[in-house]
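Below you'll find the structure, written out as structure tokens, and then a few comments.
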Amino acid sequence: RPRAADQCRMSRPSLRALLVLAPVALILTIASTAAAAATVRVGEAPSLPAAATVSGPAPAGEELQLQVALEPSDPAALERFAYEVSDPASPHFRNYLSVPAFASRFGPSHADVAAVRAALEDAGLTVGAATDNRLSLPVAATVAEAEAAFGTELNRVTLPNGEVALANAAAAAVPAAVAAEVKGVFGLSDVARPHRRMSGDPAPFYAAAAPPPNAPVPCNEAAAEQKA
């Protein structure tokens, strides 16, 4: 039988290994927690109809055309402006702004747009030019790229009428450093208008989604005035 001293000597390598591995495990845990805390979810996941069923993951290579909606520089002022130009009793009724004037008054700063663009590109996404009002950035990605960048699974959903749609399982996650500048990500779901995806219509899916809040669309008169 081994003596007690021998048993102690045999256990020392294991003890040394434990002392080495424990800090490594702690560091990995801290890093994982920090990574999770480094993102913030924006917007909401889509609400599925009562009888809809998730039929499986979306194909990883399927291409998506997304829109990352940006926060205006002064949401409350933009809301007041939208109300005033729409109210016949307001002295500002139909006093529309040109797109450049709108961008200057309500659009996010060029620095904020650049920061969001950099964060999206760092996540492996292809980012296009910002819209003229600076309230949106177009993004091209595959399903796999979008899932990795925005921290959510994308699934195929069979709707009660038999149509197949795309739906994100959770709200999009964006880096915490730019979360305050991002209102939401449109195009991760087309549950509301799945026929766009099935009909071969080349129009991007986000066109079927409701426009982001605080991003008023000019009426015909305003559009005519802007072109004049």
Side-chain angles (χ1 to χ4, degrees), residues 28-29 31-71 116-128 130-131 135-215 217:
L28 292 176
T29 300
S32 176
T33 302
T39 61
V40 175
R41 296 201 179 272
V42 296
E44 298 178 350
S47 297
L48 302 182
T53 58
V54 175
S55 50
E62 184 173 346
E63 296 183 354
L64 304 175
Q65 298 297 324
L66 312 174
Q67 284 284 332
V68 176
L70 306 180
E71 288 282 2
V116 174
R117 172 190 296 281
L120 295 172
E121 290 176 342
D122 287 347
L125 303 174
T126 301
V127 187
T131 52
L135 287 178
S136 184
L137 282 169
V139 171
T142 64
V143 164
E145 290 169 341
E147 288 180 325
F150 297 117
T152 179
E153 295 178 351
L154 300 180
N155 296 311
R156 286 190 180 277
V157 177
T158 302
L159 302 179
N161 62 2
E163 292 181 321
V164 177
L166 179 74
N168 46 309
V174 299
V178 297
E181 283 69 59
V182 177
K183 180 171 288 293
V185 180
F186 292 83
L188 295 175
S189 170
D190 61 353
V191 168
R193 296 283 295 276
H195 64 273
R196 276 194 178 275
R197 293 171 52 79
M198 301 181 65
S199 66
D201 187 340
F205 313 145
Y206 60 76
N214 296 327
V217 178

Minimal heavy-atom distance between V40 and A179, with the atoms involved, is CB-CB, 3.7 Å
Can you tell if the side chain of N168 reaches within under 4.5 Å of the side chain of F150, non-hydrogen atoms only? no
If I compare all heavy atoms of L159 with all of A52, which pair ends up nearest, and what's the gap? CD2-CB, 4.1 Å
Side chain proximity check, V191 to P49, heavy atoms < 4.5 angstrom: yes
Which atom of L48 lies closest to which atom of A167, heavy atoms considered: CD2-CB, 4.1 Å
Less than 4.5 Å apart, any side-chain heavy atom of E71 and any of K183? yes
Value rounded to 0.5 Å, distance of CG in L66 from CG in L137: 11.5 Å
Taking side chain to side chain contact (heavy atoms under 4.5 Å, CB included) as the definition, give me every residue that meets it alongside A171, ordered by chain and number, with sequence neighbours left out. R41
Run the side chain to side chain contact (heavy atoms under 4.5 Å, CB included) test against E153 and tell me which residues pass, sequence neighbours left out. E147, N155, A169
Please confirm whether the backbone N or O of L166 pairs with a side-chain atom of S189, one donor and one acceptor, at under 3.5 Å? yes
Kindly indicate, with the supporting measurements, whether the criterion side-chain contact (heavy atoms from CB on, under 4.5 Å) is fulfilled by L154 and L64. CA-CA 11 Å; L154 300 180; L64 304 175; 3.7 Å; yes
Got a donor-acceptor contact below 3.5 angstrom from the T131 side chain to the S136 backbone? yes
